[in-house]
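Along the sequence shown, residues carry numbers from 1.
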Amino acid sequence: MKVLIFGDSQSGATGAEVEKMLKMQGHSVKRATNSGKSTAKLLALAKNQAPVWDEVYLFTGGNDPSVQDEALSELLGYFGASGRVVFSGPPPATLITDLKLAKAVWGSANSADKFFPQTAAFREEKNKAYKQIAKGFANVEVK
């Protein structure tokens, strides 16, 4: 089976683990990681991937400032035209409680509002919205 692992930075580390498992099962795997890209930008990049895959593992949504429902629908439809799609939405939200450590890791340009509950709640809402969109496609499995 020909498999494509495609998406944002989640397709890097998580995608590498998926790739190992699929290769151990004897599948031919290509992984295309596009760190920092929104769902809309991934849609544009997807057009460079001919839809000749039996299965696509799609990781997207983590870089979207808002729900990009049209871009996600097009992306799922594009890859779904040739086979099964396994969709993983945005990564779960993490509430950072140690702002001093967060600034040490990510720099002083990060403000406190990026680490508090309203941000975590928005990410969870976006995750739910993306999974609901994906469930509307017959050949899409939502993880």
Side-chain angles (χ1 to χ4, degrees), residues 1-96 99 101-143:
M1 181 165 55
K2 290 174 58 178
V3 180
L4 173 66
I5 299 170
F6 184 82
D8 57 24
S9 60
Q10 298 174 82
S11 66
T14 303
E17 292 303 312
V18 172
E19 181 179 9
K20 282 182 200 174
M21 290 187 297
L22 291 169
K23 284 184 173 180
M24 286 178 12
Q25 295 171 6
H27 302 296
S28 171
V29 181
K30 176 182 178 183
R31 186 163 42 102
T33 300
N34 303 280
S35 296
K37 300 294 188 242
S38 68
T39 301
K41 293 204 181 200
L42 287 174
L43 174 61
L45 293 168
K47 307 276 170 122
N48 296 328
Q49 305 289 332
V52 294
W53 307 97
D54 299 308
E55 193 166 78
V56 174
Y57 285 76
L58 178 61
F59 296 88
T60 190
N63 301 305
D64 297 348
S66 62
V67 174
Q68 296 183 2
D69 53 347
E70 289 181 29
L72 178 59
S73 293
E74 282 188 55
L75 194 55
L76 291 167
Y78 181 76
F79 283 129
S82 66
R84 178 175 171 255
V85 176
V86 178
F87 174 72
S88 176
T94 302
L95 178 60
I96 297 174
L99 190 56
L101 177 60
K103 285 185 177 184
V105 172
W106 290 294
S108 61
N110 289 290
S111 61
D113 65 332
K114 292 190 177 198
F115 304 113
F116 288 104
Q118 64 272 21
T119 301
F122 165 70
R123 289 186 64 197
E124 289 300 325
E125 289 170 15
K126 183 171 58 169
N127 195 325
K128 286 178 188 173
Y130 276 40
K131 288 183 177 188
Q132 190 62 40
I133 292 165
K135 286 177 183 176
F137 289 79
N139 57 340
V140 174
E141 179 182 341
V142 178
K143 292 288 183 183

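- Residues Tyr130 and Gln68 have side chains in contact (heavy-atom distance under 4.5 Å, counting atoms from C-beta outward).
- Looking at every heavy atom in both residues, Ala46 comes nearest to Leu75 through CB-CD1, 3.6 Å.
- Here the NZ atom belonging to Lys20 is positioned 9.5 Å from the CE atom belonging to Met24, to the nearest 0.5 angstrom.
- In plain terms, the two heavy atoms of Ile133 and Phe137 that are nearest each other are O-CD1, 3.5 Å.
- To the nearest 0.5 Å, the span separating CG on Asn34 from OG on Ser11 amounts to 6.5 Å.
- For the pair Asp8 and Gly61, the tightest heavy-atom approach, listed with the atom from each and the gap, is OD2-N, 3.5 Å.
- For Glu125 and Lys128, the salt-bridge test fails: no basic side-chain N is under 4.0 Å from an acidic carboxylate O.
- Interatomic distance, CD of Gln132 versus CG of Asn127, reported as 12.0 Å (0.5 Å rounding).
- In plain terms, the two heavy atoms of Lys2 and Asp54 that are nearest each other are N-OD2, 2.7 Å.
- Counting heavy atoms from C-beta outward, Thr60 and Phe6 have side chains that stay 4.5 Å or more apart.
- Between atom CD of residue Gln10 and atom CG of residue Leu58 there is a gap of 9.5 Å, rounded to the nearest 0.5 Å.
- Note: Leu42 CG to Glu74 CD = 13.0 Å, rounded to the nearest 0.5 Å.
- Side chains of Glu19 and Tyr57 form no contact here, defined as non-hydrogen atoms less than 4.5 Å apart.
- To the nearest 0.5 Å, atoms CZ (Arg31) and CG (Leu4) are separated by 11.0 Å.
- Side-chain atoms of Phe59 and Pro91, non-hydrogen and from C-beta on, never get closer than 4.5 Å to each other.
- Contact record, Asn139 with Gly80: ND2-O, 2.6 Å, taken as the closest heavy-atom pair.
- Within the 3.5 Å criterion, the main-chain N or O of Lys143 finds a donor-acceptor partner in the side chain of Lys131.
- Put simply, the side chain of Lys37 reaches to within 4.5 Å of the side chain of Leu45, judged on heavy atoms.
- Here the shortest heavy-atom pairing between Thr33 and Ser9 reads CG2-CA, 4.3 Å.
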